[in-house]
2 protein chains.
Amino acid sequence: MSAEKNLTSVRRARDTGEGKDKAAARDELRTAILSGEYMPGERLVEAQLIERFGVSRFNIRLALQDLSGEGLVEIQRNRGAQVRKISLAETIEITQVRMVLEGLVAAQAAERVTDAQASELDEIGLLMRRAVESGEFRRYSDLNQRLHGLIRTIAGHATADRLIGTLRAQLARHQFMLSLLPGRPQTSLPQHERIITAIRERDPARAETAMREHIASVIEVLRSLEETGGHP
Amino acid sequence: MSAEKNLTSVRRARDTGEGKDKAAARDELRTAILSGEYMPGERLVEAQLIERFGVSRFNIRLALQDLSGEGLVEIQRNRGAQVRKISLAETIEITQVRMVLEGLVAAQAAERVTDAQASELDEIGLLMRRAVESGEFRRYSDLNQRLHGLIRTIAGHATADRLIGTLRAQLARHQFMLSLLPGRPQTSLPQHERIITAIRERDPARAETAMREHIASVIEVLRSLEETGGHP
DNA sequence: CGTCACTTCTTTGTTGACAATCTTGCGCGA
DNA sequence: TCGCGCAAGATTGTCAACAAAGAAGTGACG
């Protein structure tokens, strides 16, 4: 059962120059955490992870170390690792950082977008509108991710891209909840359309403003949760 | 000679909950890299580091792993670690990210500044003006760091703070060069004063704009270097 | 009945040896 | 002389056993 997995992981190890099993363990464990399989605060006992992933303890520890660097896991000396808890206050901070970073990326996307990419943006916008009109919220959420991802691709800003990726991962659980709040799609759809329009018209300043307003409205929601006592 | 060092590192290990020698090795190695003791591209051979820091190989590896996460070191499988080279293009990207992050921090500082902190800002501004007038560029550079640090303290934005710290570290060498460019202080002094004024008057939007203009002018300098072929 | 010290067990941290890989220097032949 | 393979050395990657720390259970004492 582990033969094929070993082969692929070895293959990738050759290509990327990473520890053969460490990378596999890290990726699988990250996926497990993001999918909610391990809850925040839950202890990650090395022996259990060894059994689950079939990887040596050495590589498990390296993987945990990596995820600690990504902010998904917290390691306490002699006390092991646990899934990091992220408070609502910290969620707001992270989203604020995402706001300015994605704003930067949107501006650069507006400077670099090609005609082909512009029509791709338009298409996503169209699909989003349809999804909202027909109440397909899950599909809308997927399109949302695809839109932000495409904008990041267009911008080609590796540094911002990497940071946004790790920040988004830390909020994976919260974002999921947010997109399901009542009225959210009706609020965010026009925001998304403004972002698309600004990038398509190659207007960096307006693209940045539109992106920031969009994420600022997410922060507003988070702040309101803070007051009504909606705990993480 | 290593007795006292071991004592302090053990002490800190207890307090922070980190590996006793790993943290020491990481900090010392980072300092060595930032001070230019190891040049970009230079190989960091584990055996040498063991001898230099008097730390076990295990902890040296952990330290290298950490610094890799900070972007100071690049690790290639079976080929060891080397000081990461940062191209001019990447320097620009990193500075762009710093621009938006420090802008965010400046805005939040304007919202939270106390009267005592406001006068401290004023004082730094005064000292900066004096330093420029008397041509003390080294002192001006120090005050520059102190100003940005104070703003970050006032803002109290842990997430942005941490990211800015790692980004600044990656550029440590370049920043040093930049502050010595002819005419730089005359350009940046009024920018700094505008930042101080905006924060003191508790105007977040203007504080953010001023900070971004300040760092944008750094990016302009970098872009000009890019064209004249001023290599990293 | 609660609490404190002690013991036991679980879990993590560290080390040294060994294996895999890369690099370097050498010799051979064209 | 130059290029090519091969072997020796250097360097990193991995593992399994051991040491140390923390957590949990136990029993005696107030």
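Residue numbers start from 1 in every chain, and the chains themselves are labelled A, B, ... in the order their sequence lines are given, proteins ahead of strands.
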Begin from the C-alpha positions of B:Arg184 and B:Ser217 and carry the test side chain to side chain donor-acceptor pair (under 3.5 Å) through to its verdict. CA-CA 10 Å; B:Arg184 258 284 84 200; B:Ser217 84; 2.8 Å; yes
Please test A:Asn59 against A:Ser56 for side chain to side chain donor-acceptor pair (under 3.5 Å), starting from the C-alpha separation and ending with a verdict. CA-CA 6 Å; A:Asn59 285 310; A:Ser56 74; 3.2 Å; yes
Begin from the C-alpha positions of A:Glu90 and A:Arg84 and carry the test side chain to side chain contact (heavy atoms under 4.5 Å, CB included) through to its verdict. CA-CA 12 Å; A:Glu90 197 178 352; A:Arg84 195 161 83 91; 3.0 Å; yes
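Atom CD in A:Gln65 sits about 14 Å away from atom C1' in C:dT14, given to the nearest Å. Rounding to whole angstrom units, CD of residue B:Gln82 and P of D:dT12 are separated by 11 Å. One atom, CG of A:Leu62, and another, P of D:dC15, lie 10 Å apart when rounded to the nearest Å. Between the CZ atom of A:Phe58 and the C1' atom of C:dT14 there is a distance of 12 Å, rounded to whole Å. Whole-Å rounding puts the B:Asn59 CG to C:dT14 C1' distance at 8 Å. When the C1' atom of C:dT14 is taken as reference, atom CD1 of B:Ile50 falls 13 Å away, rounded to whole Å.
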Please list, pair by pair, any protein nitrogen or oxygen found under 3.5 Å from a nitrogen or oxygen in nucleotides 6-12 of chain C.
| residue | atom | partner | partner atom | Å |
| --- | --- | --- | --- | --- |
| C:dT12 | OP2 | A:Glu46 | N | 3.1 |

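The heavy-atom pair separating A:Ile75 from A:Ser68 by the smallest distance is CD1-CB, 3.9 Å.
At the phosphate of C:dT15, OP1 or OP2 sits under 4.0 Å from a side-chain N or O atom of B:Ser56.
Scanning for side chain to side chain donor-acceptor pair (under 3.5 Å) contacts around B:Arg152 gives B:Asp161, with sequence neighbours left out.
Considering B:Asp66, B:Ile60, B:Val55 in turn, B:Asp66 is the only one that fulfils the side-chain contact (heavy atoms from CB on, under 4.5 Å) rule with B:Lys22.
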